[in-house]
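Below: the structure, in structure tokens.
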Amino acid sequence: DTGVSQDPRHKITKRGQNVTFRCDPISEHNRLYWYRQTLGQGPEFLTYFQNEAQLEKSRLLSDRFSAERPKGSFSTLEIQRTEQGDSAMYLCASSFPPVSGANVLTFGAGSRLTVL
Amino acid sequence: AQKVTQAQTEISVVEKEDVTLDCVYETRDTTYYLFWYKQPPSGELVFLIRRNSFDEQNEISGRYSWNFQKSTSSFNFTITASQVVDSAVYFCALLHGSSNTGKLIFGQGTTLQVKP
């Protein structure tokens, strides 16, 4: 297993276009997370799934954003009608559910979005 | 409110110097977890350490050590005899204990540059 994979690594798009990012988690992990990181800032939580169920969404996730994990394996994050403020690194992470204490998230290398 | 502050935006040292990265957190929870992650230029966040709020023992792992002080709400990270490969952005993060979500709250990060 090679860790968490994200595709594409870079995406440049024009304002108003739709974009979709894909995340393939570590196969044994049933939890999957999306975070957003803008330049010079720490990552911010967007949403997470346990198996195929989306259990929490941040207020940062406007109605232009939609995330899915249809079969409990890979996930997609779609942004519709992109805006320049959407330019950021979109990070995916996966983990086991916590047995005791906090689970450790394994992150992918991210998908960098630039909206022109 | 929960918050993580990394007051040092950038630190530059010469190889073999020791360096301490500061992290101050705010939380009302009595049970919480603290993390450090490293983000090299490749972009992937690499897990370094997790501590729970009931374990104030300092930890050492090779050239890395962590000093957890509940009295000052700090969780500082020291690299001894720094190396060029330590150059990266380092993030401190907080997870409150009642959260089963993996919803980490990150600081803004400290960029460490180690010069040869």
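Values reported hereafter were calculated over all heavy atoms of this structure, with side chains retained and with hydrogens, waters and symmetry mates removed. Quick note on labels: first sequence line is chain A, next is B, and so on, each numbered from 1.
Of the atoms belonging to B:Gln39, it is side-chain heavy atoms, and not backbone ones, that fall under 4.5 Å from chain A. Looking at A:Leu105, the atoms closer than 4.5 Å to chain B (heavy atoms on both sides) sit in the backbone and in the side chain alike. Heavy atoms of A:Gln6 lying under 4.5 Å from chain B are absent altogether. With a 4.5 Å cut-off on non-hydrogen atoms, A:Leu46 does not touch chain B at all.
The list of side-chain hydrogen bond (donor to acceptor under 3.5 Å, both in side chains) pairs with a residue in residues 9-21 of chain A, not counting sequence neighbours, is empty. Applying the disulfide bond (SG atoms under 2.5 Å apart) test to pairs two or more places apart or on separate chains, none has a residue in residues 26-80 of chain A.
A cation-pi contact links A:Arg22 to A:Phe74, judged by a cut-off of 6.0 Å to the six-membered ring centre and 45° from its axis.
Side-chain atoms of A:Tyr35 and A:Tyr90, non-hydrogen and from C-beta on, never get closer than 4.5 Å to each other. The side-chain heavy atoms of A:Tyr33 and A:Thr47, taken from C-beta on, include no pair separated by under 4.5 Å.
Of all residues in residues 57-68 of chain B, none places a non-hydrogen atom less than 4.5 angstrom from a non-hydrogen atom of chain A. Inspection of non-hydrogen atoms places B:Phe106, B:Gly107, B:Gln108 of residues 105-116 of chain B under 4.5 Å from chain A.
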With side-chain hydrogen bond (donor to acceptor under 3.5 Å, both in side chains) as the criterion, how do A:Ser5 and A:Asp24 come out once you've worked through the C-alpha distance, each side chain's angles and the decisive distance to 0.1 Å? CA-CA 5 Å; A:Ser5 299; A:Asp24 287 272; 5.8 Å; no

Is there a side-chain hydrogen bond (donor to acceptor under 3.5 Å, both in side chains) between B:Tyr25 and B:Tyr32 once you walk through the steps? CA-CA 11 Å; B:Tyr25 61 92; B:Tyr32 52 89; 2.7 Å; yes

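Contact check on A:Glu56 versus B:Lys103 returns a salt bridge, with a Lys/Arg side-chain nitrogen under 4.0 Å from an Asp/Glu carboxylate oxygen. Between B:Glu56 and B:Arg51, none of the side-chain N atoms (NZ, or NE/NH1/NH2) sits under 4.0 Å from a carboxylate O, so this pair counts as no salt bridge.
In this structure, B:Tyr37 has its ring center no closer than 6.0 Å to that of B:Phe91.
For A:Leu116, the CG atom counts as densely surrounded, since its 6.0 Å shell holds more than 12 non-hydrogen atoms of other residues, nucleotides or ligands.
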